[in-house]
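See below for the structure under consideration.
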Amino acid sequence: MKSTGFISGEQVHESVDTDLSIRIIAVRVTSAREKQTSSTSSGQLDNMPVHVLSEGAGPGTQVPNDLTRIPTSDINPIINPSNKAVQGKVVRKGPLVLAADNFILKAVIQEEESQTDTSAQSASINVVLMGTLAKEFNLSVKQGDVLMVSGFTVGKSPTANKDKLHPWNLQLSGDKACVYVFSQPTPPDPRSQPAVKRNAALSSQVSRATKSPKYTYVRLDDLKAESVVNVYGVVTFFKQPYKSRGTDFCSVLKITDQSNEEILCKIFCKKLEDHPKVLQVGDIVRLHGVKFHYFRDSKELLKTFGFSALTFDGVVGNPVEPRTSSQSVHFDEEDRRRVEELRSWYSAKSVLPAVSTTPLSAVTPKVYFDLTCQLLAKTFIDNTRTLLSVWDGTRCSYPLAKVKLDPDVTEGPSSFCEEKESLIANILVYDNHSVFARQLKPGNFLRIYNLHAVPGSITGPGIISDHREKEEHLVLYLHGGATYGRGMQILPEDSSDVRELKRNIAAFQMDTSMSDSEMIDVWCTPPESTVSSERRCDHDVQPKTLFQLKQSKPSGVHHVRVQLRSYEPFRLYQALKLYCSKCKTIREIPDEETIADVFSKAARSTQPHSPLPFLVSERRSFWKCLSEYFFEAHILTYFVPQRLRELIFLRGLTLEEMCSMASCYHNVIPVRSSRGDMALLDLFVPFLFRGRRRYYGCDKCSEVRVTDPCLEDIEPIDEKIIAKGLGVQLMQFVLLMKFELQDATDSLDVFLWRDAELFFGVSAEFAAVGQEAQDRIGQIMDFLCPPESNPGERPWLDLCLRAYQSESNGGRSQTCFEICQTTFTGRPSTD
DNA sequence: GCTTAGGGTTAG
């Protein structure tokens, strides 16, 4: 059944969801069962190249007896590999690649600690699978699985120098090659659970692991030399990625976890975006594919083959959103739990709060500090120096060095109003940082690490020092190099630090006479071309930031330019409601099952009722709709027997039959017997069907009377006329949604309902029955709030908001906002 | 393909 209406949508959605999950499980179950059967019942393994052995069973079962297991350290090209097998855990599974008409898949397996000397480089070995085996492997094996391979040949590993793994690899192709998989995920932290409980934990892990790849993470005190692992940790020190003398960027982090081990991680990646996006000490990183080893007796983790990184804010209570440039990230509830555990562990442990940047107001001479700020202007001085003019909305208690900027070599304004000028700090950035500064644009939000506040003055070409008393002023330096994590970073627009910074700046703006335009021009106004809605009102009010709006005890109308951060309900059919304009009540549309139930009960009641004089009772064959189904209908016909002028009162039909009739006859009114009289059904269900449209009455405001509504002279007959004739207070269809808006300064929940039709350009009534209208709303919401998008990159909206007072549950009055007189204008994406 | 760096202040 295709989803045809918001009303029936819930049911449809659920059945789709259910079907989907059953299908996924069914495929898994079937394939697992088939494989188990084939590997156990015949006594001999069939010719399937990848065998999944019973899940949770220990390694060593169901593998042919004639295979001899050998340690990876024994692998070399001289051994005779026939009847030999190698066992290990899959620590990396590469993609299935089609090369020269043949499928290839590379994986790395690692021997488990009990079976080998893990300090050897040879503990992890590359496995190269070809042909059907590669395809089978891709489908049946996931990272973390333990497997045994046989029928391999030994080749030279071309990547041994790079990945520091086993110098030889195992090549699997042809009839003899075989992979036995022991699907055996490891619990997240085995030591936290008593051994006897492991089986139970394992079985739940197995059931979850069937849905998505599962990674295992090693605690930092449990690392084995030369092992390639995945780890979680809290960052205790970091250097921003910087250009190494080699070919890559290098970033250095020190991480810790509940074991209190502190380990240095070195990450070399050519692309900046592949580095962990650490913003401050206390951030949490998840590193995949790092190799543990010792360097001069110190423990180190080194980026290796299969490396990837996620970074999380470390503040307890903040949203757990991974920072990454990767398009496909495996991130599940267990990851969320790990992040939250590390956050609370670290916050309980550390004396200082995780946030460590210093506002300008707290800067004193000679200190080194980190600063979160906004770049206002950038001045090129010479090959080694760039001057950055920044602010953070606070005033330094020591006088800052002032300069006059040469407009010819300055990007951004070269002068500012006096109020603003008094907050601006000028920073000299040197060498590598001066090179980095080339990419900065005025307006960028920056975090600058290890700034140095030094008494003095600023001189140089393009700069005119603005004062004589050198020693009394502070100059901020970002010295060259990367020691102490020195460097800077552009902060993402939607980060909590940037929001806070913007609030500080906005608060300063409100306290002074600074014009809105000067401020907003820098950091609030997105390009005109990205604005996707238009105000249709004629209010003459200046746009405000959300922060200003919330501060100002608002009433009346306000204009804002905002982005959509989230919305409710996510399932759009739930946005459709019924509204009574008389008693102002909004109620839910009952679901299809509930309506059908009311009709079935009414249909089963067979009590007769006295005939109503204005109705012609007929026994008709409604063959068109119910295929030769004879039943009594009570028909009120005006003038000539013309279908459109008939009201058909039907008793004893199920909802399905009623819909079928309504598809052929206009104005179908369901009725029942009530104490010997004909009456309408409960007003909870539709009182009128007109084609696919259903109409509801307000049970509080209706005074129902089944009499002749006297519609002879009325043209055309519509639902309003019929409702009036029956004494029914007609309810309107309305769309009711809650939008969470955001701008540079804050976020705000607002409602969209009375003007929702204007906003979406569709009628709610049409949306109740028309797929087209629903699709349009869905497309608009997807356009404004794409499911996978970064909130900062979403389209902007010019909105007119009306503030009003509403009583909360506790009886207290609260300010609410409603979007009004605004139309969506952006073009929904059609691809 | 291999190296890079391997935390621990510029000296403007």
Side-chain angles (χ1 to χ4, degrees), chain A residues 126 156-165 167 225 233-256 261-272 274-276 278 280-281 283 285 290-305 307 356 358 365-371 379-388 401 403 426-435 437 448-463 465 470 473-488:
Chain A
N126 279 286
K156 188 173 189 313
S157 172
T159 54
N161 275 328
K162 183 179 178 183
D163 58 29
K164 303 278 191 289
L165 302 181
V234 183
V235 177
T236 57
F237 168 81
F238 68 104
K239 285 185 181 181
Q240 288 302 320
Y242 60 95
K243 200 88 182 82
S244 71
R245 286 176 223 269
T247 57
D248 300 342
F249 282 95
C250 171
S251 50
V252 176
L253 335 169
K254 204 170 228 174
I255 61 171
T256 185
E261 277 283 346
E262 209 173 7
I263 297 188
L264 194 76
C265 312
K266 292 181 303 192
I267 294 153
F268 296 98
C269 294
K270 284 196 172 48
K271 293 182 189 162
L272 265 179
D274 293 338
H275 286 259
V278 179
Q280 62 191 5
V281 165
D283 280 355
V285 287
V290 283
K291 188 173 163 180
F292 177 70
H293 75 146
Y294 285 89
F295 172 75
R296 291 183 192 153
D297 294 335
S298 293
K299 294 174 174 182
E300 274 189 356
L301 285 167
L302 189 60
K303 175 247 175 200
T304 181
F305 207 41
F307 173 80
S356 59
T358 306
K366 296 184 181 173
V367 296
Y368 288 92
F369 65 103
D370 298 344
L371 177 69
T379 306
F380 173 82
I381 304 177
D382 54 38
N383 284 333
T384 63
R385 286 187 296 170
T386 302
L387 185 79
L388 303 181
V403 291
N426 290 297
I427 303 171
L428 283 166
V429 307
Y430 282 83
D431 309 332
N432 50 325
H433 311 302
S434 183
V435 173
I448 309 181
Y449 302 92
N450 200 234
L451 273 174
H452 193 188
V454 182
S457 66
I458 300 171
T459 54
I463 287 177
S465 188
K470 291 182 183 180
H473 295 85
L474 284 184
V475 183
L476 304 185
Y477 289 90
L478 184 64
H479 298 300
T483 50
Y484 270 96
R486 198 180 294 137
M488 58 184 146

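Quick note: numbers below take in every heavy atom, side chains included, and nothing from hydrogens, waters or symmetry partners. All chains are named by letter (A, B, ...) in the order of the sequence lines, taking the proteins before the strands, and each is independently numbered beginning at 1.
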- [ ] Check the distance between dG1(B)'s C1' and K156(A)'s NZ and give it to me in whole angstrom.
- [x] 12 Å
Sequence-distant partners of [X], side-chain hydrogen bond (donor to acceptor under 3.5 Å, both in side chains), two or more places apart:
{"X": "S251(A)", "result": "H275(A)"}
{"X": "Y368(A)", "result": "H452(A)"}
{"X": "T384(A)", "result": "D382(A)"}

- [ ] Using a 90° cut-off around 0 for syn, call dG8(B) syn or anti.
- [x] syn
Task: Whole-angstrom distance between dG6(B) and dT10(B), as gauged at atom C1' - done: 22 Å
Task: salt bridge (charged side-chain N to carboxylate O under 4.0 Å, His left out) contacts in which one or both residues fall within residues 236-249 of chain A, not counting sequence neighbours - done: D248(A)-K270(A)
Open item on the list: Does anything in residues 294-303 of chain A form a salt bridge (charged side-chain N to carboxylate O under 4.0 Å, His left out)? List the pairs, not counting sequence neighbours.
Closed with: E261(A)-K299(A), K266(A)-E300(A)
TODO: Any chance you could list the contact pattern along nucleotides 5-12 of chain B? Use B for base contacts, S for sugar-phosphate-only contacts and - for none, protein heavy atoms under 4.0 Å, 5' to 3'.
DONE: BBBBBB-B
